[in-house]
Protein chains: 2
Amino acid sequence: MISDDIVRASSSRAPEAGPAASALALLAHQPGLSIRMLAVGVGLSHAGTVRLVDRLATEGLIERREHSSDGRTRALYLTPTGKIASDEVLASRDEVIAEGLSILKPDELKILCDMAERVLRDRLENLEHSYRICRLCCYEGCTNCPIDAELHERGVERGKSGDG
Amino acid sequence: MISDDIVRASSSRAPEAGPAASALALLAHQPGLSIRMLAVGVGLSHAGTVRLVDRLATEGLIERREHSSDGRTRALYLTPTGKIASDEVLASRDEVIAEGLSILKPDELKILCDMAERVLRDRLENLEHSYRICRLCCYEGCTNCPIDAELHERGVERGKSGDG
DNA sequence: CGTCTATATGTGCGCGGGGCATAGACAGCA
DNA sequence: TGCTGTCTATGCCCCGCGCACATATAGACG
């Protein structure tokens, strides 16, 4: 009901266009991702993701490297500049969230986090979906990531192609 | 922290591109809106909103009427077809929300709604902002809309140009 | 009433993003 | 070696949007 307005309250102040920020944040989580995985994560087609990577590479934010074993795959990594940009994106996002929830008391935040965690674990569909969910997570603050925990409980590890 | 993931969990399954759906839902709330107000609501420029209205009018979803007192302003109204489309958008959105929160118990939902209401009232900045927040609300389910209540407490009524 | 300003809508033009179809490079297998 | 599937990259095009401008109207003032 009303709860989705909190969605809009924060998403309407989103830091940037979306795909670019998502890509940076996602690569901050999972360095060495392939373009294919990144495309799934940011919700774009392969072609669109290639252009996105082109732009970000032109801006010096990410770089393509050769994959160790597979000659086709390009492993994507953040450059130091890209890491800074990614941090800024996540920081601004955190600021919006914190600002939006500033009226809640600490114990209420705890309740909210608990509910959110259970919702996430319940809604998690498969491994590809997990990339989408986590694309704008704060990696440092996500040491006990519920998504990772849920994946672990299901016997799935990230980085493998165990799609469901 | 984690709470913003609930954002993504629902927004990643959004019904449509965004502006179009927002416009329909917003016009379902506030028939007779001007293009300017609609532009603020959906977060587009005037020009972009004009094109959006053009498209929706071409599809027979909304119609432009003459304003009663102001000859410049065009009052936008949903056609019956547009009303159906708007209902579908809101229904699919509700479905996503309900599905996402299905794991929560009723009392938890109540707590969540209470927190969301306070967050919204706290984050409400001005009247224009209220249009953005409410653009995808469920009008029927929002009989005691916290935004309206907050606006009322501040002595502001919708439909007037009392920008802050 | 004439004029000037502010407001609201509509339009020409260009840019950027993204998808579809295709080409090139490479892994795995018979 | 040749075939097939996969991954990446590119040509082409459409769509959506913003900027600047034009048009129409309301309101204020002399």
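Each chain gets a letter, A, B and so on, in the order its sequence line appears, and its residues count up from 1.
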Upstream residue (5' side of DNA chain C) when A:G71 and A:G48 are each assigned their closest nucleotide: A:G48
Path from A:V89 to A:I84 over hydrophobic side-chain contacts below 4.5 Å: no
Touch class at under 4.0 angstrom, heavy-atom based, for A:R51 against every strand present: base
Separation between NZ of A:K110 and CG of A:L104, rounded to the nearest 0.5 Å: 14.5 Å
Main-chain N/O of A:D54 paired with A:T58 side-chain donor or acceptor, under 3.5 Å: yes
Joint hydrophobic cluster, B:L38 plus B:Y77, side-chain heavy atoms closer than 4.5 Å: no
Interatomic distance where CG belongs to B:L38 and P belongs to D:dC17 [whole Å]: 12 Å
Value in whole Å for how far the C1' atom of D:dT6 lies from NE2 of A:H67: 13 Å
Whole-Å distance separating the CZ atom of A:R72 from the C1' atom of D:dG5: 8 Å
Range on DNA chain C touched by chain B, heavy atoms, distance below 4.0 Å: C:dA6 to C:dC13
For atom CZ of A:R65 and atom P of D:dC7, their distance in whole Å: 21 Å
Atom-pair distance (CE on A:M37; P on D:dT8), nearest Å: 9 Å
Phosphate-side-chain proximity, B:R55 and D:dC15, N/O vs OP1/OP2 below 4.0 Å: no
Nearest-angstrom distance from the residue atom CZ of B:R74 to C1' of D:dT23: 11 Å
First of A:D70 and A:V50 reached from the 5' end of DNA chain D, by closest nucleotide: A:D70
For B:I62, the option from B:L78, B:T81, B:T79 that meets side-chain contact (heavy atoms from CB on, under 4.5 Å): B:L78
B:H46 NE2 - D:dG16 C1' separation (whole Å): 17 Å
Interatomic distance where CD1 belongs to A:I35 and C1' belongs to D:dT6 [whole Å]: 14 Å
By side chain to side chain contact (heavy atoms under 4.5 Å, CB included) - contacts of A:R72 (at least two apart): A:D70
Exceeds 12 heavy-atom contacts within 6.0 angstrom, atom CZ of B:R36: no
